[in-house]
Structure formats: C-alpha cells, structure tokens
Amino acid sequence: MGIFIPLSSLLVSLVSALWIMLPAYVPNSVAAYFGGGRPVDGGRTYRDGLRIFGDGKTWRGLFAGIGAGILVGFLQIAIRDAGGITLLPELTVPVVILLSTGALLGDLAKSFIKRRLGKERGAQWIIADQYDFVAGAFILLLIFQYEWVVTIVTPLILFWIIVITPLLHRLVNIIGYLAGVKDVPW
Ligand code: CTP
Ligand code: MG
C-alpha cells in the first residue's frame, strides 16, 4: 500500500506554492537589481569587529524589494478576484505584506549570522542562502497570520515550496549573474 496522490492535485499544489511564494521571491531579485547606496548597518561593525550586515544589505535594496513584493502581491489579489480563480490560494493584504517583508528580513538576519561566522559578503552558504527568505516569510506569517497559514498552506503546498525554492533561487541567480546584476551565480 502506498500513498496515492492524484496528478491533478500535485499540479494544483505546485501552482499554489508558486502563487503563495511569489511576493516572497520577487524582493530578492528586485533588491539585487535596485540595491546600492547606503548599507543598512551604515558601515558599522559588531562587537566582534566584523560588519553587522555588510555592504550587500542596503536601504534601497530593502525598500525597493519589499515594495515590489507587495505590489506583485496586490496584483495577484486583484487578478484572482477579477478572474474568480478560486482554485488558487487566497492571498490577503496582511499576508502579502508579511511575505515580502519577512523575505528580506530573513535575508538580513542571514547576513548577520553569516558575518558572525566570518563569511565575506557574497560568500556562498548553502541551505541558508536558499531558504533564508522562506524562513523569514513563514516566521512572520506564523506569528501574525497563523490562521491563514494553517488553512491555506497544505502539507503538499509546503512540500512544493521546499522543493522548488532552491531550484528557482539557483535559476534566478544564474540569470542575474549572466545579466550582470549579480557578482556571483549564487
Ligand atoms: N541587496 C541590497 N539590499 C538588500 C538585499 C540585497 O542592496 N537588503 C543587493 C546587494 O547589491 C547584494 C545583492 O542584492 O549584493 C544580492 O543579494 P544577496 O545575495 O542577498 O547579498 P550578498 O551580496 O550575497 O551578501 P551576503 O553575503 O550578506 O548574503
Ligand atoms: Mg548572496
């Protein structure tokens, strides 16, 4: 006896995972594209003498990224409503804001830990680099929109999020590297 999952629900949950995570995926790329200028830590160092976040975390990247993620989420809400596409999971204004903000706060927190480990800006840190924004988004969602998480995010959707996130991350970073937006392909 095995676990039988119809192909249709596998596909619907895959699309649902992408739909839910889009406001969390967008901020990273937008930050990489628009980032620059004054770093969030203002160039300051932590008590270990190393940078708090590093030059890779800037105010412009943070605000442009969060803003873009929220904008995309609002568009998704409008599209789902206008088209009556109830097959897609419902996003709400607070959920979209938490997804986008959580993504870049997760990225920021990761850079803080990365610096404490003595890793240079842009150094590769597998697993953390791929899942930082998912972790950040879900931590905020679980704190402020717990009901939404438990009713909308099914185990199958969660499975897809875990599977597709590193793949998409890799793909987008290779594209960003080839386009000259990112210095390294990770
Ligand atoms: N970026 C930014 N502000 C942010 C996040 C990202 O300006 N809050 C921009 C920076 O130009 C950064 C690029 O996006 O170099 C890629 O982001 P990321 O890979 O997260 O940063 P890294 O440079 O790799 O730095 P770290 O080692 O701290 O992850
Ligand atoms: Mg990086």
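Numbering of ligands and ligand atoms starts at 1, following listing order. Only a predicted model underlies this, so the values are computations on that prediction, with no experimental measurement involved.
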Just which atoms of ligand 1 are under 4.0 Å from any heavy atom in [X]?
X      : answer
Gly36  : 7 (O)
Lys182 : 16 (C), 19 (O)
Gly61  : 2 (C), 3 (N), 7 (O)
Lys110 : 29 (O)
Thr58  : 2 (C), 3 (N), 4 (C), 7 (O), 8 (N)
Asp107 : 5 (C), 20 (O)

Cationic tip of Arg116 above Phe112 ring, under 6.0 Å, 45° of axis: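 Yes, cation above the ring, under 6.0 Å and within 45°.
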
Is there a side-chain contact (heavy atoms from CB on, under 4.5 Å) between Leu88 and Ile20? Walk through the geometry before answering. CA-CA 9 Å; Leu88 289 170; Ile20 288 171; over 6 Å; no

Closest non-hydrogen protein atom to atom 22 (P) of ligand 1, residue and atom name please, with distance?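 Heavy-atom neighbour on the protein nearest atom 22 (P) of ligand 1: Gly122 N, 3.8 Å.
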
State, with a plain yes or no, whether a side-chain heavy atom of Met21 is found less than 4.5 Å away from one of Val134. yes

Quick one: do Lys110 and Asp107 make a salt bridge, cutoff under 4.0 Å?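 Yes, this pair counts.
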
Taking the six-membered ring for Trp, are Tyr25 and Phe133 closer than 6.0 Å centroid to centroid? yes

What I want to know is whether [X] and ligand 1 share at least one N or O pair that is separated by under 3.5 angstrom.
X      : value
Arg115 : yes
Gly35  : no
Gly56  : yes

If hydrogens are left out, which of Lys57, Arg121, Glu120, His169 has an atom nearest to atom 11 (O) of ligand 1, that is, the closest non-hydrogen atom? Arg121

Shortest heavy-atom approach to atom 28 (O) of ligand 1 - which of Ala31, Ala32, Ala64, Ser111: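 Result: the heavy atom closest to atom 28 (O) of ligand 1 is in Ser111.
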
Could you pull out the closest heavy-atom pair between Leu99 and Pro23, with the gap in Å? CD1-CG, 3.9 Å

Where Gly65 and Ser100 come nearest, the two heavy atoms and their spacing: O-OG, 3.9 Å

Look at ligand 1 and say whether Gly54 reaches it with a heavy atom at a distance under 4.0 Å.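 Flag not set, Gly54 not near ligand 1.
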
Find the distance between CD1 (Ile113) and CH2 (Trp125) and round it off to the nearest 0.5 Å.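 One gets 5.0 Å once the value is rounded to the nearest 0.5 Å.
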
If you measure from each non-hydrogen atom of Lys114 to ligand 1, which part falls under 4.0 Å: side chain, backbone, both or neither?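 For Lys114, only side-chain atoms sit under 4.0 Å from ligand 1.
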
Are Val15 and Trp160 close enough, and set up right, to give a side-chain contact (heavy atoms from CB on, under 4.5 Å), and what steps lead you there? CA-CA 9 Å; Val15 176; Trp160 278 126; over 6 Å; no

